[in-house]
Amino acid sequence: MDVQHRLKRFIVENFYVSEADALSGDTHLITSGIVDSTGMLEIIGFIEREFGIQVDDGETTPENLSSIDRIAAFVDKKSVGRAAARAS
């Protein structure tokens with residue numbers, strides 16, 4: 001299962017999503033009312049546990065965490081960086 005599907009499943013199972021099929025990769029999680037600031041902390045905890053990455057305080061920006069697509073791209077970027085660090 002890819003990152004987007006795992007994220008979507010987590011969000012649907014842990015937050016109120018009236019129509020799971022309507023939750024697209026570019027749905028803004030905060031402004032749509034699906035996730036609040038506490039929920040975003042839950043998502044950060046999930047991606048740290050699930051994907052083995054560390055989210056630094058400076059990385060908790062809308063550019064990285066506002067939608068499933070952006071979170072998945074952030075996770076991919078962090079995972080590549082982690083793999084490169086291990087290889088060196």
Side-chain angles (χ1 to χ4, degrees):
M1 186 180 307
D2 69 5
V3 174
Q4 275 110 338
H5 286 107
R6 290 160 71 181
L7 285 165
K8 183 174 182 176
R9 186 180 71 203
F10 175 80
I11 291 166
V12 168
E13 290 175 355
N14 291 279
F15 301 98
Y16 177 73
V17 179
S18 60
E19 295 182 37
D21 292 338
L23 178 61
S24 67
D26 63 351
T27 299
H28 195 283
L29 300 172
I30 298 277
T31 59
S32 67
I34 295 170
V35 178
D36 60 12
S37 58
T38 303
M40 190 53 66
L41 293 175
E42 290 179 50
I43 291 174
I44 291 168
F46 169 76
I47 63 176
E48 287 182 333
R49 286 186 311 276
E50 187 75 10
F51 304 107
I53 62 171
Q54 177 66 40
V55 179
D56 298 322
D57 289 342
E59 295 172 322
T60 58
T61 63
E63 291 78 22
N64 292 332
L65 303 172
S66 63
S67 68
I68 291 172
D69 287 348
R70 287 183 180 220
I71 296 169
F74 173 70
V75 168
D76 288 343
K77 180 178 76 174
K78 291 285 284 192
S79 296
V80 168
R82 187 184 61 178
R86 275 189 272 154
S88 57

Can you tell me how far apart NZ (Lys8) and CD1 (Ile68) are? Round to the nearest 0.5 Å. 6.5 Å
Report the C-alpha distance between Ile71 and Leu29 in whole Å, list the side-chain angles of each, state the deciding distance to 0.1 Å, and finish with yes or no for side-chain contact (heavy atoms from CB on, under 4.5 Å). CA-CA 11 Å; Ile71 296 169; Leu29 300 172; 3.9 Å; yes
Determine whether Leu65 and Phe74 make a side-chain contact, defined as any pair of heavy atoms from C-beta on separated by less than 4.5 Å. yes
Minimal non-hydrogen separation, Ile53 against Ser79, with atom names: CG2-OG, 3.9 Å
Show the numbers, then the answer: is there a side-chain contact (heavy atoms from CB on, under 4.5 Å) between Lys77 and Asn64? CA-CA 10 Å; Lys77 180 178 76 174; Asn64 292 332; 4.2 Å; yes
So OG of Ser18 and CG of Leu23: to nearest 0.5 Å the spacing works out to 9.5 Å
Applying salt bridge (charged side-chain N to carboxylate O under 4.0 Å, His left out) to Glu59 and not counting sequence neighbours gives Lys78
Taking all heavy atoms of Ser67 and all of Thr27, pick out the closest pair and write down the distance. CB-O, 3.3 Å
side-chain contact (heavy atoms from CB on, under 4.5 Å) filter on Thr31, not counting sequence neighbours, yields His28
Taking ring pair (Phe, Tyr, Trp, His ring centres under 6.0 Å) as the test, write out the residues that go with Phe10, two or more places apart. Phe46
The side-chain contact (heavy atoms from CB on, under 4.5 Å) partners of Glu13 (sequence neighbours excluded) come to Arg9
Within a strict 4.5 Å, meaning less than it, do heavy atoms of the Glu50 and Val75 side chains meet? no
Provide the full list of salt bridge (charged side-chain N to carboxylate O under 4.0 Å, His left out) pairs with a residue in residues 14-40, sequence neighbours left out, each pair given once. none
Only counting residues at least two apart or in another chain, list the ones meeting side-chain contact (heavy atoms from CB on, under 4.5 Å) with Glu48. Ile44, Gln54, Val55
With a 4.0 Å cut-off, would you call Arg70 and Glu63 a salt bridge? no
Which atom names give the shortest non-hydrogen contact between Ser66 and Pro62, and what distance separates them? OG-O, 2.9 Å
